[in-house]
Amino acid sequence: NMDGKTVIVAGLGVSGQSMMEVLGSRAGRVLGVDEKKPDADLHSFDQIDWDNTDMVMTSPVFNPRTPFILEAQKRNIPVMSEVELAWQLRVNSNTTGKPAQWIGITGTNGKGSTCAIMASILRAAGYRTGLYTSPFLIRFNERMQVDGRQITDDELCEITAQVRPLADSLDPHPTEFEMVTAIAFAYFARHNCDIVVCEVGMGGEFDATNVIPAPEAAVFCNIGLDHTQYLGDTIEKIAATKAGIIKPGCDAVLYRQTASAEEIIRQRCERLGVPLHLADFDGIRLESAGLEGQVFDWEELTGLRLPLLGRHQLCNAAVALTAIRVLQARGWAITDSHIRRGLASTDWPGRFQIIGRDPLFIIDGGHNPQCIQALEQNIRDYLPGRPLTVLTGVMQDKDYHCMYRGVAPYANSFITVTPDNPRSLPAGELAAYIRELGCSATACGTIREGVALALEQAGPDGTVLCYGSLYLIGDVELQLRELRK
């Protein structure tokens with residue numbers, strides 16, 4: 001509702017002029033700022049009367065750290081992009097059906113698993129549930145699902161055809177992730193979802209997914225050092241960016257972090273009047289664990305079965321369950337029976353996942369220090385005394401130096417491949433690095449050759465562990481299927 005409000009529109013290019021037209025009939029006063037446009041209301045951001053400004057609208061051309069945006073945020077004046085404006089108007093119209101509620105999930109590690117657990121529980125409770133995640137392992141369609149079913153090729157093409165001309169009309173052109181996000185959100189609106197579990201792409205505050213209104217819950221998974229060139233070079237800077245998904249009217253759920261990261265999230269919640277819920281890791285009691293899954297208790301719930309492997313997945317489950325408790329308190333009809341069924345039916349591929357037997361073949365998408373620590377723990381917990389044939393490939397912009405020293409003591413040999421991604425480190429360079437650690441390493445020209453050699457070296461009684469990048473493991477699974485036909 002913009003009745004009687006003064007809105008500043010920053011930049012009067014094509015998109016800015018469109019915003020002026022849209023807002024003209026909705027807001028009390030709309031002022032355009034553009035130093036290059038003679039007909040602009042204001043020709044400098046220094047001319048803005050901040051004391052009488054209620055909202056600022058911007059084009060994607062403006063860097064989020066532009067001084068006038070920072071000034072608005074310092075004064076607690078809402079800043080909205082044209083993309084967010086379009087989405088807000090869209091979901092509030094009668095043409096899209098019942099507007100969905102949202103769960104926003106950010107963090108460095110565990111986002112996907114937490115999303116999968118929450119979506120599975122919500123489906124078990126009978127809610128039409130959308131799920132948006134990234135990246136995909138085998139098919140692009142994996143990234144957007146409704147009630148566990150991936151978007152069809154036909155519908156993906158149809159919605160893309162609708163979004164593309166809109167994207168092509170914008171200057172600058174939306175990024176690939178922004179376009180994919182628009183397609184997904186249109187898909188969820190079309191299917192009249194009750195709720196959408198939405199994984200943040202990178203960061204939080206300036207991520208394309210953050211155009212959503214205040215979510216039912218803003219969920220924070222484990223925060224670590226990743227994408228430092230974009231998000232900052234300390235945990236605290238990264239936490240501050242991720243805290244941007246917290247909005248007035250939501251609840252926040254937090255995976256226990258370092259004290260400094262927790263304090264940043266806490267301060268944001270206090271400033272916006274948002275309740276903060278800390279996941280109870282002390283309430284986790286592991287009953288049994290094996291390659292078929294884990295059975296655990298959490299708080300008063302006993303005998304919970306989770307197919308996902310690893311102690312860290314129990315922490316992710318505790319975060320998801322804390323968020324489910326928040327939803328229950330907000331009126332969502334979710335019972336303990338729904339929780340049990342949802343946990344037991346959770347499916348999240350590529351995370352210490354068994355994809356073959358004889359030899360045992362495990363894939364894991366871990367690619368940063370925290371993931372590798374969890375992987376090393378899983379080796380000790382699930383594969384004690386099993387010499388490993390390790391198949392691996394990495395992105396050259398990742399800190400791959402941390403990925404091999406801890407795994408090397410468990411490995412018989414390493415086989416390196418080049419993932420199908422322009423950011424990949426060539427297999428030969430990776431093999432040379434691993435040899436410097438005193439390990440045997442063979443570089444293969446293709447992923448298929450790498451899989452075949454791993455099967456040969458392991459033998460039917462051995463174990464193949466494939467890890468290093470989410471961009472690798474999907475192709476490895478495809479090649480394993482082909483070789484075993």
Side-chain angles (χ1 to χ4, degrees), residues 103 105 107 109-138 142-150 193-199 217 219 221-222 253 255 279-281 283-299 301-328 332 334-355 362-366 371 374 378 381-382 470 473-474 477:
I103 303 292
I105 300 183
N109 300 304
K111 291 184 297 182
S113 299
T114 305
C115 283
I117 293 169
M118 290 202 68
S120 186
I121 293 173
L122 288 163
R123 290 198 303 272
Y127 291 108
R128 177 166 289 183
T129 305
L131 176 62
Y132 182 50
T133 59
S134 61
F136 65 92
L137 297 186
I138 296 176
E142 299 167 22
R143 295 185 57 180
M144 49 197 82
Q145 305 178 23
V146 171
D147 286 345
R149 293 185 294 274
Q150 299 172 15
C193 290
D194 297 312
I195 191 165
V196 177
V197 180
C198 181
E199 178 185 354
V219 180
C221 298
N222 195 7
V253 174
Y255 185 114
D280 180 14
F281 293 164
I284 300 171
R285 299 174 298 279
L286 179 63
E287 298 295 331
S288 63
L291 292 175
E292 295 73 33
Q294 308 183 81
V295 178
F296 70 104
D297 304 334
W298 183 72
E299 296 187 343
L301 297 171
T302 60
L304 302 172
R305 182 180 178 276
L306 182 68
L308 307 182
L309 303 182
R311 300 181 188 183
H312 63 290
Q313 294 291 9
L314 299 183
C315 292
N316 293 333
V319 173
L321 291 171
T322 304
I324 290 296
R325 291 291 192 231
V326 166
L327 293 183
Q328 290 173 323
W332 294 80
I334 305 170
T335 67
D336 289 352
S337 177
H338 297 147
I339 291 172
R340 292 180 184 281
R341 293 206 312 270
L343 281 169
S345 59
T346 299
D347 179 35
W348 190 236
R351 280 71 179 177
F352 208 75
Q353 177 193 7
I354 298 171
I355 61 170
I362 297 174
I363 57 174
D364 189 277
C371 291
N378 280 352
D381 289 345
Y382 296 100
L470 285 168
I473 58 177
E477 183 173 2

Less than 4.5 Å apart, side chain to side chain, heavy atoms only: is that true for [X] and [Y]?
{"X": "Thr114", "Y": "Tyr255", "result": "no"}
{"X": "Asn222", "Y": "His312", "result": "no"}
{"X": "Ile105", "Y": "Ile103", "result": "yes"}
{"X": "Asp364", "Y": "Ile473", "result": "no"}

Suppose we screen for ring pair (Phe, Tyr, Trp, His ring centres under 6.0 Å). Which residues come up paired with [X], at least two apart in sequence or across chains?
{"X": "Phe296", "answer": "none"}
{"X": "Tyr132", "answer": "none"}
{"X": "Trp332", "answer": "Tyr127"}

The criterion is side chain to side chain donor-acceptor pair (under 3.5 Å); which residues satisfy it with [X], sequence neighbours excluded?
{"X": "Glu477", "value": "Arg481"}
{"X": "Glu292", "value": "none"}
{"X": "Asn378", "value": "none"}
{"X": "Ser337", "value": "Arg341"}

When you measure from the side chain of [X] to the backbone of [Y], do you find a donor-acceptor pair of N or O atoms at a distance under 3.5 Å?
{"X": "Arg340", "Y": "Thr302", "value": "yes"}
{"X": "Tyr382", "Y": "Ala289", "value": "no"}
{"X": "Gln294", "Y": "Leu308", "value": "yes"}

Taking only residues at least two apart or on different chains, which pairs with a member in residues 310-321 satisfy salt bridge (Lys or Arg N to Asp or Glu O under 4.0 Å)?
->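 The answer is Arg311-Asp381.
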Can you tell me which residue pairs pass the salt bridge (Lys or Arg N to Asp or Glu O under 4.0 Å) test with a partner in residues 115-127, sequence neighbours excluded?
->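 Not a single pair qualifies under salt bridge (Lys or Arg N to Asp or Glu O under 4.0 Å).
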Which residues pass the salt bridge (Lys or Arg N to Asp or Glu O under 4.0 Å) test with Asp280, sequence neighbours left out?
->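 Scan of Asp280 (salt bridge (Lys or Arg N to Asp or Glu O under 4.0 Å), adjacent residues dropped) gives none.
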What pairs with Arg325 under salt bridge (Lys or Arg N to Asp or Glu O under 4.0 Å), at least two apart in sequence or on another chain?
->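 Checked Arg325 against salt bridge (Lys or Arg N to Asp or Glu O under 4.0 Å); matches are Glu300, Asp336.
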Audit row: Asp297, Glu287, side-chain contact (heavy atoms from CB on, under 4.5 Å) steps and yes/no | CA-CA 7 Å; Asp297 304 334; Glu287 298 295 331; 2.6 Å; yes
Just how far is it from atom CD of Gln145 to atom SG of Cys193, taken to the nearest 0.5 Å?
->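 Gln145 CD to Cys193 SG: 11.0 Å, rounded to 0.5 Å.
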Spatial distance of atom CD1 (Ile117) from atom CG (Asp347) [nearest 0.5 Å] |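 Rounded to the nearest 0.5 Å, the CD1-CG separation comes out at 11.5 Å.
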Output all residues satisfying side chain to side chain contact (heavy atoms under 4.5 Å, CB included) with Ser345, sequence neighbours left out; order by chain, then residue number.
->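 Result, side chain to side chain contact (heavy atoms under 4.5 Å, CB included) vs Ser345: Ser120.
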